[in-house]
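Read the structure below first, then the notes.
To find a chain, count down the sequence lines: A is the first, B the second, and so on, and within it residues start at 1.
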Amino acid sequence: MAAKDKGAAPLNDRVSVLVCQGTGCSSSKSERIRLALEEEVKKSHLDNVSVELAGCHGFCQEGPTVIINPEGVFYTHVKPEDATEIVQSHLVQGKPVDRLLYRDPVTKEARATLDKIDFFRKQTRLVLHNCGYINPEKIEDYIAAGGYEALRKALRDMTPEQVIEEVKRSGLRGRGGGGFSAGQKWEVCRRSPGNEKYVICNDRNILEGDPHTLIEGIIIAAYAVGAAEGFISFRTKSPLGFKRMAAAIEQAKEHNFLGKNILGTGFSFELQLRQGMEDFVAGEETALIASIEGERGMPRPKPPYPAQSGLWGKPTIVHNVKTFATVPIIIRNGAKWFAGFGTEKSKGTAIFALTGKVANNGLVEVPLNMTLRELVFGIGGGIPGGKRLKAVHTGGPSGGFLPPSLLDSPVDFDTLETAGSIMGSGAVVVLDEDSCIVDTTKFFLSSTQLDSCGKCVQCRLGLKQMVDIMEDITHGRGQLSDIDLLVELGEAIKAGSLCGLGKTAPNPILTSIKYFREEYIEHIKKAHCSAAVCKGLVKAPCSHTCPAGVDVPRYLRLIAQKRYDDAVAVIRERIPFPSVCGYICIHVCETKCRRRQLDEPIAIRALKRFAADHARKDALPKGKIAPASGKKVAVVGAGPAGLTAAYYLAKLGGHAVTVFEALPEAGGMMLVGIPRYRLPKEILDSEIEEIKKVGVEIKTNTRVDSIDALRAQGFDAVFLGVGAHAGSKMRVTGEESQGVMDCVTFLRDVSLGKEVKIGNRVAVIGGGNAAIDCSRTSLRLGAKDVDIIYRRTRDEMPAAEEEIEEALKEGVKIEYLMAPNKISRQNGHLDLECIRMQLGAEDASGRKRPEPVKGSEFSREYDTVIAAIGQRSDIPNSFGLALNKDGTIRVDPDTLATSRPDTFSGGDVVSGPASVIEAIAAGRQAAVSIDKYLGGKGLLEEKLLPPEEINAQPESDDEPKSEGRPKNPELPLSKRLNSFELVELGLPRAKAIKEAERCLKCDLEKEEE
Amino acid sequence: MKAECACAATREPPKEMDSRLAGILSLYRGRPDEVIPILQQIQREFGYLPEQAMSQVARFTGVDESKVFGVATFYAQFKLVPTGRNVIKVCRGNACRVRGGARVLKTVEKQLGIKHGESTSDLEYALETVACLGACAVAPAVVVNDETHGNTTPDKIPELIQP
C-alpha cells in the first residue's frame, strides 16, 4: 500500500476533497470537517485543491468519510481535528494519513483506495454511480456528470410509446417490493382513457446523494404515460434529505427541466414534494394514493389497478424511488445494456441495505445474479467476532429468513420468493449465533401487526393472535402444537388479506418454522433460548447459557459482599466441582455476558476461582444426605460426568453408588487431559474427597467390560461416563513410526507421572485446546523447539484465545495453513513432510475450507510428533449398546438412556470431545433420569442457602466508568518452563470485588414489554 | 367504579390558537387533499392537533369533521394531546435493534423518566420510537428534533439529550 500511494498525483493536477455530508455522516458533524478542510487548504494556498460537499456513498459505518480524488483515497472516521494532518501530510507532502485509512475486517491491512476496498470494488453502481462523488445541492454537478441527457433524448428523440417500449425491453421490475414490470404498468396507464394522469413516487431517501437522478426518472416516466402532475411522497424522517429534494426540485425548475414547455418540447410537468406518512401500510400503492388524497392510508381492492384508476380515480403510476431512479440510465445506455446485468427474469441491478452482524454495513448496488454468499462475505466482509452465520433475512418485516444452505442463491426476485422470502425494498439483515430466530420473528410480527390498517379480519386478528402465541413461546408458556397452529394461521392470513402487508406479514413465521423449527422446539420443550436473548426465558444470559445452569449473578453478588463461603455454596447447588471449574472451565457464560455490550464481559470464571480459593471449607453449608433408597448404582468412569452423577445420586437420591475407574487415579480428563500447570492436583483431589464424603465409593485400577456383570453384582442401574480417551489418527503415512504419539496418551502419561522422552524438537498437529496443552507441556518437559502445525488460520483455531496467547508467550511457534503429509523415521529423528494450505470456498457455516497447495511440500526434522487432531471413544462391544456412526453412544436426548433401559450415559462418550462443564451437566441430567428409573421422583435439587433477599437493583448503564476487566496475574516466564507450577495466580482481593461489582445483575431486571 | 374522562375536549386550546391557525390556513386553497399537509403544519406549530382546530380544518377543506378525525387518528405521527417540545425519536428498526437499540431506548427512558409514547410532565421532551430512519449502517440511530445521531451508545445519551 505504501509504495503505491507514495506516488500521489502531482500537485499541478486538480484535486477534489469530497467530504460526505449525507444523513449518516452529518449525524457526526461532517460539516465541521468540511469547513476545517476548507480553511486549511486556504491557509496553505493550494489553488488546485477544491473541497466539496458530497452525498452519501453508502458506507456510512466508516463515517465521517473523506475521499481524495482522482487517487480515490478513502479516509474513515475523520474528525475535524484531522483536517490539518490530511492537508499537510497528504496534499502537501504526498503522504496519505495511514491511521485514517480503511482496514480490511479479516486481514486488518490498510486498503487506501476505493478500488482496493471490497465493499466498493465488488458493487456494480449504476443507479448509485453519482452518489458520494457529486454535490447533491448543485445541479451543475449532476449536469456535468451527464445528467438530464436521458431526459433530452427521451423528449427530443423518442415518442412516449418508444420510451415505454425501451423500459419494457429492459426488463425493469418495480424495486419497492411488488416486483411488477414497470414497462407494463406504464403501458396500461398510457392506454387508459383520459387526459388527466399522475405519477407518484414513494421516496425513502435512497437517492439523498443524487436527487436529480430521481427527478429525471420521474419526468421521463411522466412523459411516457402522459402525466402533467406528479408527487413525491417523502416518507422518511430525514430533514436533510427533504431539504435537499426540495432544493433539487427548485433547481430543476430553474433549468426548465420542470414546469411548462420543458426544453422547448411542449411537454409540461409539475412535481410536488410532500412530507409523506411513514406508517408502513401507507407505502402500499393504493394506501399511498389515499394519503395524498387526504384520506386514511388504507389499501383499496385491486383491480382496478392504479394504472387504470388511481389518484382521484385517474390513471396513475406509483413507483418506489429506486424504480424511477433506474430510468435515466436505461434511456441513456439502452435497454439491451441494462438487460445485460442480472438473471433472465430479474434484469439489471438492485440496491440493498446490507445490515446486521456483518463487518461492512451499508447501502450497496449489485447485479441481480449476485449470490447471497458474495453479498454477505464478499461485499459484507463476513461475520465479525469469529461468530457463525445463522441466517440472512431479506425484505424486512415482509420477508423471510434464509438458512446458510441457501447462500449460493442469487438475490433475484423469484429465487427469494420461491424460498419463502421476498426482495421487498432491499433490506438485508445478517444474523449470527447470538441472534434468536424466534425473537427476531416475534419482532417482525409485532411490527406488521402494529401497522395493520385493520380492514381485513385475517390480518387484523390473525396477526394479533400470532403475536400472542409468540409471546407465550418466548415466555415459557408455549406448546408444541403452537408451531403448526402458527403455520396454519400464517397461510390463512396470506390467503385472506387484501394488500401486500397482510399477504407478506406471515413470511417471517413461515420461513423461520420451515428452516429453524428446532429453535422453536428448544424454546417450547426446554424453555431454552440458545442465543440467550428471549427475556421471558432468560433470567440472565450467563446462567442460561451455562450447561449446568449455575446461578452466576447470585454468586457474584455474594463475592461482592465478601461472603465467599456462601458464593461457593450457590455454585455447589448446581455442580460438585466449583474449584475445578473456577480453574479451567471454558466459560461459555462470558461469551453471552451482557456487559460486553458496554465494555468487556465479566471475568466470571476467574471470580468463581477466587471464591473457591478464599472460601473456608469448614464454613461451607453442607446440606443433607438423603435417606438410603436401598438401590445400588454403578458408575463407569471417574471423570466429570461420572463423578457428578455419582455425587447427586448418592447425596440427593440416597442411592449406594460405586464408581469404577480403569486408571490408577480418579479424575478422568480433569486429571489426565488437563495439565497440572492449569489445574493443580490438590484442587482436584479435594473436590473428589467431598464426593467421597457423601458416601460414593471409588474403585480405581478396575476396568469394566460388561454391563451384565455389573447387574449380576447387584447394581440396579448403570451410568457410563467413559469419555473419549483414544487419540484420532491423522491418516498419514508413517504415523506408526516411533516418536509419533497421540495427544491423549502423551498427556495421560505425563499426568500419571510416567517418564516421557520427547527430545528437543516437537511438532504438535492440531488447533484445539489439546494441541495447546501438548505444546506447553512439551516445553515443560525440556523441549527447546515446539511447533504447532494447524491447517487453517488463527481466526479459526478452536483453542481458547487466552490459551493461544499463553502458548505464544511461552515460546511455542504456531504455523498456520499447514498440514502433515508424510512421516518417516530417519537417522534417529522424524522427518515430517508438510504441505501448505490455502483457504478455498466457504462451507455451509461460512468457514473457508482449506485446500492443499499443489507442489508446496517441504520437510522438517523433529524428535517427536504429537497428533492432537481429535479424540474418539473406545467402547467395548461387550457392552452391547447401539452406537452412532461416529462411535459415540446413542442416547435419548431427554433421559440420556442408552439402548439398554437400565443403562444411561453422558459426557464425551455421547457428545464427542467437549468440555468439563458439559460433562458435569450431562452427569446431573443422567442422575435425575436414573433416580426416576429407580422409582424416585427425580427431584435432585438442594438449596444450600435461604432464598436471596434482593435489596440490590439492576445496574444502570450510566454507572461510573469502571477500570475494565482485570488481567489475571501470572507466574513469570522464567519460573514456568522448568516446572508444572500453576501459571494463573488468581485475582487479588480488591480487584476481584470490584470486578464482581461490575456485573449488571441482569437477573434482577424486570421485563417491561 | 368511577371512570375519568380523558378526552381532548376538556383541554384548553393553545394560546392565540385562532389567529395562528388562520395564518396556516391562509397558505392553502381549501381543497380536500390539503387535509394532511395542513394537519402536519398545525402539529409543527402547536406540538399536537388541538381538537378545536380540527373543526376549523374540516370547514376550511370541505371535509366532514369525522373524516378529519379519522385521518388524525390513523397516522402514527399525529398527536391529539400536547407533547413535549423537544421530540426524541429512537429507531426501533431491526438493524438498530440488532446493534443494541433496545439498551439505548432504555437509557433515554431512564434519563427522561418517561416511557416511549409519553412526554415529560413539563412538556419539554417527547419520546417516540420510529420504525426505520433509514440510517441502518450507523445503527443504533436517534433523532433529536431535526438532527440525526448515529452509532449511539448508552453513554452518549446524557450529552445528546441535554447538551
Side-chain angles (χ1 to χ4, degrees), chain A residues 23-28 58-63 204-206 208 236-241 274-275 277-280 282 291-298 312 353-357 360-363 393 396-397 427 429-431 435 440 443-444 447 450-451 453 594 597-598 956-958 961 1008, chain B residues 31-41 61 63 67-68 70-78 89 91-100 102-104 106-107 109-111 115 130-139 141-143 145-155 157-158:
Chain A
T23 291
C25 290
S26 293
S27 74
S28 303
F59 209 0
C60 314
Q61 71 171 39
E62 298 296 316
R204 297 278 296 177
N205 201 32
I206 306 287
E208 188 196 79
T236 301
K237 272 266 182 302
S238 172
L240 185 59
R274 293 248 178 131
Q275 180 67 54
M277 312 312 278
E278 285 139 48
D279 310 64
F280 189 59
S291 71
I292 294 183
E293 290 175 355
E295 308 257 333
R296 289 160 68 93
M298 295 169 74
W312 298 305
L354 183 58
T355 67
K357 306 293 188 72
N360 298 326
N361 271 240
L363 197 68
H393 188 97
V429 184
V430 180
L431 302 169
S435 320
T440 309
F443 166 77
F444 281 134
S447 238
L450 261 180
D451 280 313
C453 78
R594 289 224 184 100
Q597 289 175 21
L598 293 181
S956 60
D957 291 347
D958 41 46
K961 287 252 179 278
E1008 270 147 51
Chain B
R31 288 173 19 171
D33 66 296
E34 291 170 335
V35 168
I36 289 179
I38 290 173
L39 290 179
Q40 286 172 330
Q41 208 161 336
T61 56
V63 175
K67 270 192 125 182
V68 174
V71 169
T73 52
F74 180 85
Y75 295 103
Q77 62 181 217
F78 290 136
K89 298 184 183 94
C91 184
R92 64 169 191 267
N94 199 29
C96 285
R97 206 172 144 273
V98 148
R99 298 258 220 125
R103 199 167 213 109
V104 167
K106 263 184 41 191
T107 310
E109 288 181 326
K110 188 148 181 259
Q111 167 120 6
K115 296 257 170 281
V130 287
C132 181
L133 290 167
C136 312
V138 292
V142 174
V143 174
N145 291 326
D146 277 348
E147 265 188 57
T148 307
H149 300 269
N151 296 311
T152 39
T153 48
D155 57 304
I157 295 302

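- Checked against salt bridge (charged side-chain N to carboxylate O under 4.0 Å, His left out), A/Glu62 has no partners two or more places apart in sequence or in another chain.
- To the nearest 0.5 Å, atoms CG (A/Leu450) and CZ (B/Arg92) are separated by 6.0 Å.
- For B/Thr153, no part lies under 4.5 angstrom from a heavy atom of chain A.
- The candidate with the highest count of non-hydrogen atom pairs below 4.5 Å against chain B, out of A/Ala353, A/Gly297, A/Cys25, A/Gly362, is A/Gly297.
- In this structure, a donor-acceptor pair under 3.5 Å is present between the side chains of A/Thr23 and A/Ser238.
- Here A/Leu240 contributes atom CG and A/Glu208 contributes atom CD; the two are 5.0 Å apart, rounded to the nearest 0.5 Å.
- A/Ile206 is listed as a side-chain neighbour of A/Leu363, based on a closest heavy-atom distance under 4.5 Å.
- Remark: B/Tyr75 OH to B/Ile36 CD1 distance equals 4.0 Å, nearest 0.5 Å.
- Closest of all the heavy-atom pairs between A/Asp279 and B/Ala76 is OD2-N, 2.9 Å.
- With a 4.5 Å cut-off on non-hydrogen atoms, A/Glu293 touches chain B through its backbone but not through its side chain.
- Here B/Val71 is the residue among B/Val142, B/Val63, B/Leu39, B/Val71 with the most heavy-atom pairs under 4.5 Å with chain A.
- The part of A/Phe444 that comes within reach of chain B is its side chain, from C-beta onward, which places non-hydrogen atoms under 4.5 angstrom from that chain.
- Neither the backbone nor the side chain of A/Ala427 has a heavy atom closer than 4.5 Å to any heavy atom of chain B.
- Atom CG in B/Asp33 sits 5.0 Å away from atom CZ in A/Arg274 (nearest 0.5 Å).
- Between chain A and the options B/Thr148, B/Thr73, B/Ile38, heavy-atom pairs under 4.5 Å are most frequent for B/Thr148.
- With chain B as the partner, the residue from A/Met298, A/Gln275, A/Glu278, A/Met277 showing the most heavy-atom pairs under 4.5 Å is A/Met277.
- Put simply, of B/Gly150, B/Gly70, B/Pro37, the one with the most heavy-atom pairs under 4.5 Å next to chain A is B/Gly70.
- A/Arg296 touches chain B through backbone and side chain together, each having a heavy atom under 4.5 Å away.
- For a residue to count as touching a neighbouring chain, one of its non-hydrogen atoms must lie under 4.5 Å from one of that chain's; by this rule A/Asn205 does not touch chain B.
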